[in-house]
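See below for the structure under consideration.
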Amino acid sequence: MKNREIAELLYEAADILEYQQVEWKPRAYRKAAQMIENLGEDIKKIYERSGKDGLTEIPGIGESIADHIAEYLETGKVEKFEKLKGKAPSGTAELMEIRGIGAKKMKKLADAFGIMNVSDLKEAINAHKLRKLENFGEKSEENLARAVEQYEKSHSRIALGKALPLADEIISALKARCKSARCKVDLAKIIYTGSLRRLRETIGDIDILAEAEKEEALKVMDAFVSLPDVEEVVLKGSTKSSIILKEGTAIDLRVVTPESYGAALQYFTGSKEHNIELRNIAIKKGYKLSEYGLYSKESEKQIAGKSEEEIYEKLGLVYIPPELRESRGEIKAAAKNALPKLIEVGDLRGDIHMHTNYSEGKESLETMIGEAEALGYEYIAVTDHSRSQRIASGMEIEKLKAQWYEIDKLSKRFKIKILKGSEVEILKDGSLDYPDEVLKELDIVVGAVHSGFSAPEKKMTERIVSAIGNRYLDILAHPSGRLLGKREAYAVNFENVFEAAAANGKVMEINSQPSRLDLNDELILRAKNFGLKFCISTDSYTISDLASMRYGLGQARRGWLEKEDVVNTYPYSRLKEVFKKIKH
DNA sequence: GCCGTTTTCGGCCCGACTGTTTTCAGTCG
């Protein structure tokens, strides 16, 4: 899919134009890039179907950008952008990532010292050149030195699975400090906001919000900057402070008064694009929206601000859950009261992808079943690896049958329903790793690709589509194969995969492992357009993995899924019916 | 460069913090 490539191209052009001090155009380019990233459909398909007119129908894309996109799709490059490239430092993108450097300073540095990238910048800092520059001083040089260090340490985003527990930990430490320092704050209102609250798969930094009267705010800030493991206090004020932890994560804290708490929560939760849309609606209605509240433009009186709900309401919108706030059409839907009723954690009745020590899991069958029952599930599926997955102790048929025997025995002791399943390798030729007579005895067949990741797109697509054609396959596990921050998704044509899956009634997995989150939100949205059903599974190896359901659920919500879209919300009898139907 | 039940031209989100300034520009989110 070309969406990502084209968005990158536009972001790059925006950086260069901003460097050239061109006004407004960078914003227009970034907005267009953002829309393309969140399109949920292959832009190439749109262009092939409806030409340039199809492109200009996308909000933020007009005549000119549509031309550029068309040119890129036809020729593989954009002449105008090629010419732009020589007009800014080669390392523009990385320099922009240094905290404290924007377009203006970058230009100054390039003009004065020929600084083209981060390593040039580092040299200049070490030679103490910067402090001689107008409007720079010793302090700004020191700050940039630290910013470069920070960039080198960790300029990548943190996985949700790491950020969420870390945020929980920081917040409880902050609460404890506030309590012992007798700060007058409502502890229940210290919560995380930002992309973390939207449950994005990766987080740039952790944003925390607290509520306190003005005179108490500094006390909260003091508690915050004196937390253990603080490496650096980046800034500290009465409403906003910023720290960096020793392990490299940046954390912001904002403190607002009670009458602004809802507005601040709304504002800091973002996304930025969602907020800009909201503010424009506010302006049209004669209001002004900021992190302090919704105000009448004329009387400057506050109209809303205590809660998020009243802000959305006064703007003529139903409440929009944080996971949807990505400027993907949620505001239009909210205006028409047409938002999906998102799936909730209580809707899930079972976990249908997990491992035991029969293959590479760490716990016994009995332990996993016991824990799942303790979690209140109605059913689970045990899905150990099939025989070809040697590296993961894949099971020969005899061992699989021994597991069935044990499941039958345990079924008498536990109330929870236990489905006999397997995570069956989809072999290179698209066939499955057990013969049909074994597969047909299984309650659930979860098909997965674990090898040959670098195959060309056509080959991988054929492999998966062919497996989907097997009547005994029920679920396609971690369909893109990506490992967050480690391995890119394999090349595969998802249009073909989703089409085949829809035609054969197969279920798409949303794998909840923090390092997978696969399908991701964008692919979920696309798959839903094909009318597909999903399951949210943990792919657990230990009992503590069973709790990672929250991450997969988050992605499902970000993908606009409702209870009905997800088969493991169905009661046991209906679930069995779904998989039976697939086979006959 | 985009967009329009205020506009086809003239707008384009809004406020905090910092550093180097004597009143503000740059950056960030």
Side-chain angles (χ1 to χ4, degrees), chain A residues 10 13-14 17-19 21-35 55-69 80-81 95-109 130-144 146-147 193-196 198 203-209 217 221 233-243 250-256 260 263-264 266-295 297 315-316 327 335:
Chain A
L10 288 167
L17 289 165
E18 190 156 42
Y19 176 83
Q21 328 282 312
V22 175
E23 281 192 294
W24 306 119
K25 243 196 246 196
R27 183 179 296 189
Y29 278 18
R30 290 201 179 106
K31 190 174 177 198
Q34 164 79 23
M35 292 309 297
L55 298 178
T56 52
E57 267 172 36
I58 300 166
I61 296 183
E63 283 294 311
S64 166
I65 293 181
D67 277 336
H68 296 329
I69 295 171
K80 193 174 156 185
F81 292 171
L95 283 169
M96 290 287 263
E97 276 192 50
I98 305 282
R99 164 167 50 86
I101 291 197
K104 302 254 167 69
K105 281 187 190 164
M106 189 168 34
K107 181 141 180 29
K108 240 178 169 171
L109 293 170
L130 301 195
R131 59 183 65 181
K132 297 180 191 109
L133 211 53
E134 186 195 4
N135 282 320
F136 279 67
E138 254 178 69
K139 193 98 188 213
S140 34
E141 190 175 271
E142 280 165 24
N143 285 344
L144 278 179
R146 276 208 301 279
T193 65
S195 51
L196 189 53
R198 304 201 310 279
I203 305 310
D205 57 16
I206 293 174
D207 295 302
I208 298 174
L209 179 68
M221 293 303 186
V233 178
V234 179
L235 53 89
K236 185 181 171 217
S238 61
T239 66
K240 172 181 174 178
S241 293
S242 235
I243 59 171
I251 306 183
D252 287 353
L253 172 67
R254 320 274 179 145
V255 182
V256 297
S260 295
Q266 193 290 312
Y267 176 76
F268 294 122
T269 296
S271 67
K272 195 176 169 186
E273 292 72 21
H274 175 90
N275 287 351
I276 290 173
E277 266 193 76
L278 276 193
R279 287 185 173 189
N280 285 327
I281 291 176
I283 290 167
K284 275 185 201 133
K285 288 187 181 290
Y287 300 145
K288 188 189 69 164
L289 179 62
S290 77
E291 58 261 53
Y292 296 106
L294 185 66
Y295 297 88
K297 198 116 200 173
L315 291 174
S327 193

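Chain letters run A, B, ... following the sequence lines, proteins first and then strands; every chain starts at 1. Since this is a predicted model, take the numbers as computed values, not measurements.
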Check your understanding: Which whole number of Å gives the distance between the P atom of B:dC9 and that of B:dG19?
Key -> 46 Å

Check your understanding: So what does A:K272 hit on the nucleic acid, given a heavy-atom distance under 4.0 Å: a base, only sugar-phosphate, or nothing?
Key -> base

**Study point:** P-based separation of B:dT21 from B:dT8 [nearest Å]
**Key:** 45 Å

Exercise for review: Describe the nucleic acid contact of A:P59 in one word from base, sugar-phosphate, nothing, applying a heavy-atom distance below 4.0 Å.
Suggested key: sugar-phosphate

Exercise for review: Give A:Y29 one of three labels, base, sugar-phosphate or nothing, depending on what nucleic acid heavy atoms sit under 4.0 Å from its own.
Suggested key: sugar-phosphate

**Study point:** Touch class at under 4.0 angstrom, heavy-atom based, for A:S242 against every strand present
**Key:** nothing

Review point. DNA chain B: A:K104 or A:K288, which has the more 5' nearest nucleotide?
Key: A:K288

Exercise for review: Inspect the contact between A:E18 and A:R30 and indicate whether a charged nitrogen and a carboxylate oxygen are less than 4.0 angstrom apart.
Suggested key: yes

Review point. What nucleic acid atoms does A:I61 come within less than 4.0 Å of, heavy atoms only: base, sugar-phosphate, or nothing?
Key: sugar-phosphate

Check your understanding: For A:K236, which contact category applies under a 4.0 Å heavy-atom criterion: base, sugar-phosphate, or nothing?
Key -> sugar-phosphate

Exercise for review: Mind checking the CZ-NZ spacing from A:R131 to A:K139? Nearest 0.5 Å is all I need.
Suggested key: 13.0 Å

**Study point:** Distance (rounded to the nearest 0.5 Å) between A:I243 CD1 and A:I208 CD1
**Key:** 7.5 Å

Practice item. With P as the reference atom in both, quote the distance from B:dC17 to B:dC12 in angstrom, rounded to an integer. Key: 24 Å

**Study point:** Enclosure of A:Q21 CD (heavy-atom neighbours >12, cutoff 6.0 Å)
**Key:** yes

Check your understanding: Of A:L10, A:T56, A:I58, which is the lone residue that meets side-chain contact (heavy atoms from CB on, under 4.5 Å) with A:I65?
Key -> A:L10

Practice item. Please work out if A:N280 contacts a base, only the sugar-phosphate, or nothing of the nucleic acid, heavy-atom cut-off 4.0 Å. Key: sugar-phosphate

Review point. Expressed in whole Å, how much space separates the C1' atoms belonging to B:dC2 and B:dT7?
Key: 14 Å

Revision key, fill the gap. Any strand, both distances under 3.5 Å, Watson-Crick or G-U wobble: B:dG26 pairs with B:dC17

Point to revise | Touch class at under 4.0 angstrom, heavy-atom based, for A:I281 against every strand present | key: nothing

Practice item. Using the C1' atom on both, measure B:dT22 against B:dT18 and round to a whole Å. Key: 16 Å

Review point. Rounding to the closest angstrom, what is the interatomic distance between B:dT20 and B:dC28 at atom P?
Key: 16 Å

Review point. Does atom CD of A:E142 have more than 12 heavy-atom neighbours from other groups under 6.0 Å away?
Key: yes

Practice item. Considering non-hydrogen atoms only, spot the tightest contact between A:H274 and A:S327 and give its length. Key: N-CB, 4.1 Å

Point to revise | Nearest-nucleotide comparison on DNA chain B, the residue closer to the 5′ end among A:K139 and A:L289 | key: A:L289

Practice item. For DNA chain B, note the earliest and the latest nucleotide, 5' to 3', having some atom under 4.0 Å of a heavy atom belonging to chain A. Key: B:dG1 to B:dG29

Practice item. Output all residues satisfying side chain to side chain contact (heavy atoms under 4.5 Å, CB included) with A:K105, sequence neighbours left out; order by chain, then residue number. Key: A:F136

Practice item. Determine the interatomic distance between C1' on B:dT5 and the same-named atom on B:dG1; round to the nearest Å. Key: 24 Å

